[in-house]
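Before any comments, here is the structure.
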Amino acid sequence: MKRIVVVGGGAGGLELVTKLGHKLGKRGEAEVILIDRSRTHIWKPLLHEVATGSLDINTDGINYRAHSARHYYQYQLGTMVGLNAKEKSIEIDALVDDEGHEILPVRTLSYDTLVIAVGSVSNDFSTPGVKENCYFLDSHKQAERFQQALLNQFLRVHQGGNNDDMLKLAIVGGGATGVELAAELNHVADLLKAYGMTNMSSKKMEITLIEAGDRILPALPERIALQARKELSRLGVKVSENTRIVKATEEGFLTAAENTLDADLMVWAAGVKAPDFIKSIDGLETNRANQIVVKQNLQTNEFDSIYVIGDCCACELEEGRFVPPRAQSAHQMASLVSDNIVATFTDKPLKDFVYHDHGSLVNLSRYSTVGSLMGNLSSKSMFVEGRIARFVYLSLYRMHQIAIHGWIKALLIMAVKRISKAVKPKMKLH
């Protein structure tokens with residue numbers, strides 16, 4: 001029996017093993033294995049909500065082992081650290097507990113087909129002090145770590161005894177993550193009054209959003225960026241554009257203009273790259289962002305047995321640009337690779353990847369949602385905001401849920417979610 005190994009259970013990886021499990025695993029035509037370093041999946045565009053406590057991973061996350069049992073694939077906990085493409089095997093790092101005790105040793109796993117879907121991590125551009133002093137939002141563990149620090153700071157301001165106490169937050173990176181996090185922080189700060197922290201509100205916070213470029217949301221149309229900036233300013237968020245950070249300290253950031261930005265909490269969300277271990281793999285072509293360069297059918301240039309999808313994939317478009325690192329890209333890549341892998345079982349030709357840009361949306365918590373939608377019959381985009389934009393934004397997550405659960409269970413999950421809102425706190429308080 002052939003073995004298909006998918007490394008990375010993000011949006012693309014989880015959708016892919018679900019499809020392959022039903023198409024091949026269920027019929028016993030292939031052994032489908034998912035490798036991920038976490039036990040739980042959360043949709044990455046929602047990590048800013050985990051970071052603020054708006055989303056509780058204990059109720060909204062997906063347990064890989066339980067999911068695999070229902071969808072005909074196997075799950076193994078582990079981190080890929082090496083690849084021998086000629087021998088068709090990957091190396092998985094030793095698994096240790098929180099005290100450093102070894103649970104499983106370093107091991108190798110052979111494959112017939114390998115799909116690398118390890119996603120991306122924040123790019124600190126080797127800026128001094130960032131790793132030591134900033135929070136990142138690359139995983140749910142990092143998001144939960146920030147959320148605990150945030151709760152502690154809320155408590156400090158509420159019970160500090162000084163009415164002039166302020167919580168200063170600095171977010172580096174004016175992309176979607178930074179913009180959405182700034183808005184969500186305002187929302188949860190105002191929620192705290194309902195849970196006994198009467199001295200805490202958004203007025204007790206100073207949020208600075210720092211962008212090195214000339215505007216926030218540089219990857220999106222300018223009209224969206226202007227509308228988002230206007231909304232953030234209305235919320236009291238200070239947007240500092242054309243501001244490059246050269247150093248991070250325990251007290252805050254130092255800019256290229258030698259100005260100091262004090263902060264109690266610092267978040268780094270400026271740029272992404274594929275994990276560093278990828279560039280150390282012999283035989284694979286990578287770019288400056290550590291992404292693996294692929295052919296149009298998403299196989300690597302060197303090995304037809306290896307596919308790459310998601311943020312770690314460098315797939316060039318006809319115009320000379322590359323497929324952007326977005327959830328919709330990973331979703332489309334997962335669908336194509338699923339079809340191509342199944343095609344190899346019936347000796348059918350492989351398809352090339354064609355990226356369809358359906359537009360971009362930025363959710364500013366309960367305050368607003370703005371974005372653009374691409375029409376299928378036109379290359380022009382349509383600007384949307386308000387309730388329509390919010391509905392479309394939520395629909396993207398619903399599509400992901402349907403892809404990994406199926407229609408019936410996805411609808412049940414949505415119904416349970418609505419019911420639970422009536423009895424659960426509106427934010428995670430522990």
Side-chain angles (χ1 to χ4, degrees), residues 2-20 23-24 29-30 32-35 80 82-91 109-121 219 272-358 403:
K2 290 188 176 181
R3 176 180 288 172
I4 303 167
V5 176
V6 178
V7 181
L14 186 56
E15 289 186 20
L16 178 59
V17 292
T18 303
K19 292 176 183 291
L20 292 175
K23 292 179 180 179
L24 301 173
E29 295 183 39
V32 182
I33 301 175
L34 172 67
I35 308 293
M80 174 180 165
L83 166 65
N84 188 332
K86 293 182 180 179
E87 296 293 331
K88 289 190 173 183
S89 67
I90 62 171
E91 182 178 338
L109 182 67
S110 62
Y111 65 83
D112 294 289
T113 300
L114 173 68
V115 183
I116 301 176
V118 293
S120 61
V121 295
V272 296
K273 63 179 180 179
D276 287 333
F277 84 89
I278 287 181
K279 64 183 178 183
S280 65
I281 297 176
D282 293 331
L284 294 182
E285 181 184 355
T286 58
N287 61 15
R288 292 176 60 185
N290 299 343
Q291 293 173 307
I292 301 171
V293 180
V294 298
K295 297 182 288 190
Q296 289 304 118
N297 60 11
L298 301 184
Q299 292 174 330
T300 64
N301 290 332
E302 300 79 13
F303 304 99
D304 290 347
S305 60
I306 302 176
Y307 292 86
V308 187
I309 66 172
D311 292 0
C312 64
C313 175
C315 180
E316 188 172 4
L317 301 173
E318 292 181 356
E319 312 88 65
R321 298 179 295 107
F322 286 84
V323 177
R326 298 177 184 170
Q328 63 173 303
S329 306
H331 170 77
Q332 294 175 36
M333 288 178 172
S335 295
L336 178 89
V337 170
S338 173
D339 291 342
N340 280 349
I341 290 176
V342 172
T344 62
F345 281 75
T346 55
D347 296 322
K348 293 181 179 179
L350 304 185
K351 302 175 184 177
D352 285 344
F353 180 68
V354 179
Y355 175 61
H356 299 284
D357 188 351
H358 298 302

Compare all side-chain heavy atoms of [X] with those of [Y] and state whether any distance is below 4.5 angstrom.
X    : Y    : answer
K273 : V121 : yes
K88  : L114 : no
L336 : L298 : yes
F277 : M80  : yes
D357 : R326 : yes
M333 : V323 : yes
V118 : I278 : yes
F353 : V294 : no

Verdict with supporting geometry, K295 and D304, side chain to side chain contact (heavy atoms under 4.5 Å, CB included): CA-CA 10 Å; K295 297 182 288 190; D304 290 347; 2.7 Å; yes
Looking at [X] and [Y], what are the two nearest heavy atoms and their distance?
X    : Y    : answer
A334 : K19  : O-CD, 4.4 Å
Y307 : N340 : OH-CB, 3.9 Å
G119 : P275 : O-CD, 3.5 Å
A343 : P349 : CB-O, 4.1 Å
L34  : G8   : CD1-O, 3.6 Å
Y355 : S329 : CE1-OG, 3.4 Å

If you measure from [atom1] on [X] to [atom2] on [Y], what distance do you get to the nearest 0.5 Å?
X    : Y    : atom1 : atom2 : result
N290 : D311 : CG    : CG    : 12.5 Å
I292 : K279 : CD1   : NZ    : 13.5 Å
Y111 : S89  : OH    : OG    : 7.0 Å
F345 : K23  : CZ    : NZ    : 12.0 Å
I306 : N301 : CD1   : CG    : 11.5 Å
L350 : T344 : CG    : OG1   : 7.5 Å

I90: which of L109, I116, N84 passes side chain to side chain contact (heavy atoms under 4.5 Å, CB included):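 Single pass found, and it is L109.
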L20: which of V337, I4, T113, I33 passes side chain to side chain contact (heavy atoms under 4.5 Å, CB included):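 So, applying the side chain to side chain contact (heavy atoms under 4.5 Å, CB included) to L20 and each of V337, I4, T113, I33, only I4 qualifies.
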Salt bridge (charged side-chain N to carboxylate O under 4.0 Å, His left out) with R288: which residues, sequence neighbours excluded? none
Counting only heavy atoms not in D276, do more than 12 fall under 6.0 Å of its CG?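 Atom CG in D276 is crowded, with more than 12 foreign heavy atoms closer than 6.0 Å.
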Take L284 and E302 through the test side chain to side chain contact (heavy atoms under 4.5 Å, CB included) and record every step on the way to the result. CA-CA 7 Å; L284 294 182; E302 300 79 13; 3.8 Å; yes
[X] side chain to [Y] backbone, donor-acceptor under 3.5 Å:
X    : Y    : answer
Q328 : H358 : yes
E29  : L24  : no
Q299 : S305 : no
T18  : L14  : yes

Donor-acceptor side-chain pairing of E15 and H331 below 3.5 angstrom: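 There is such a pair between these side chains.
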